[in-house]
S.K.: 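Have a look at this one.
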Amino acid sequence: GFTPKLADFYNKHHKDKKIEIVFVSLDQDDETFKEYYDSMPWLAIDFAKSDTREAMSDKFGVSGIPHFCIINAKDCSVVVQNARGNVDSDPEAKKFPWKS
């Protein structure tokens, strides 16, 4: 699956590349969210904040899960809409920061 690959990538590179990941769950209930999130080393939007989760999903064009996009932290613009392939093709983050 993608999540274990992303967790490996994050654990290797989040400090030196200044990467932060924020999980936005589209799970149907809090228990499912907690079970899935338990395996993740990064931040998450509180499941109870459904308005925030829905707004983020809409803003960043999430149409399927898992969805992984790169966002500029300064202005919240999307840098890479679908970055799943970047994790696979550049696991050592040699080309990071990635561009569209």
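All values below come from the heavy atoms of this structure, side chains included, with hydrogens, waters and symmetry mates left out.
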S.K.: Let me have the donor-acceptor pairs involving side chains of residues 24-35, under 3.5 Å, with sequence neighbours excluded, atom names and distances please.
M.R.:
unit_1 : atom_1 : unit_2 : atom_2 : d
Ser25  : OG     : Asp27  : N      : 2.9
Ser25  : OG     : Asp27  : OD2    : 2.8
Asp29  : OD1    : Glu31  : N      : 3.2
Asp29  : OD1    : Thr32  : N      : 2.8
Asp29  : OD1    : Thr32  : OG1    : 2.8
Asp29  : OD2    : Thr32  : OG1    : 3.2
Asp30  : OD2    : Lys34  : NZ     : 2.9

S.K.: Side-chain contact, heavy-atom cut-off 4.5 Å: Ile21 with Leu6?
M.R.: yes
S.K.: Can you tell me how far apart CG (Asp90) and NE2 (His13) are? Round to the nearest 0.5 Å.
M.R.: 7.5 Å
S.K.: Mind checking whether Ile45 and Phe23 have side chains closer than 4.5 Å, heavy atoms only?
M.R.: no
S.K.: Are any of the side-chain heavy atoms of Phe60 and Val78 separated by less than 4.5 Å?
M.R.: yes
S.K.: Could you go through Lys99 and Val80, starting from their C-alpha distance and side-chain angles, then the distance that decides it, and tell me whether this counts as side chain to side chain contact (heavy atoms under 4.5 Å, CB included)?
M.R.: CA-CA 6 Å; Lys99 306 284 184 220; Val80 180; 5.5 Å; no
S.K.: Side-chain heavy atoms under 4.5 angstrom apart, residues restricted to Ile, Leu, Val, Met, Phe, Trp, Tyr: same cluster for Val87 and Ile19?
M.R.: yes
S.K.: With a cut-off of under 6.0 Å to the ring centre and 45° to the axis, is Arg84 in cation-pi contact with Phe2?
M.R.: yes
S.K.: Could you tell me which non-hydrogen atom of Asn86 sits nearest to which non-hydrogen atom of Asn82, and how far apart they are?
M.R.: OD1-O, 3.8 Å
S.K.: Are the side chains of Tyr10 and Met40 in touch, meaning some heavy atoms are under 4.5 Å apart?
M.R.: no
S.K.: Does the side chain of Glu20 reach to within under 4.5 Å of the side chain of Trp42, using non-hydrogen atoms?
M.R.: yes
S.K.: Give a yes or no on whether the ring-centroid distance for Trp98 and Phe9 is below 6.0 angstrom.
M.R.: yes
S.K.: Does the side chain of Cys76 come within less than 4.5 Å of Lys59's, by heavy atoms?
M.R.: yes
S.K.: Dump the intermediate steps for side chain to side chain contact (heavy atoms under 4.5 Å, CB included) on Gln81 and His67, then the final yes or no.
M.R.: CA-CA 9 Å; Gln81 181 61 32; His67 183 88; 3.1 Å; yes
S.K.: Do the non-hydrogen side-chain atoms of Lys12 and Glu92 ever get within less than 4.5 Å of each other?
M.R.: yes
S.K.: So with a 6.0 Å cut-off around NZ of Lys49, is the heavy-atom count from everything else above 12?
M.R.: no
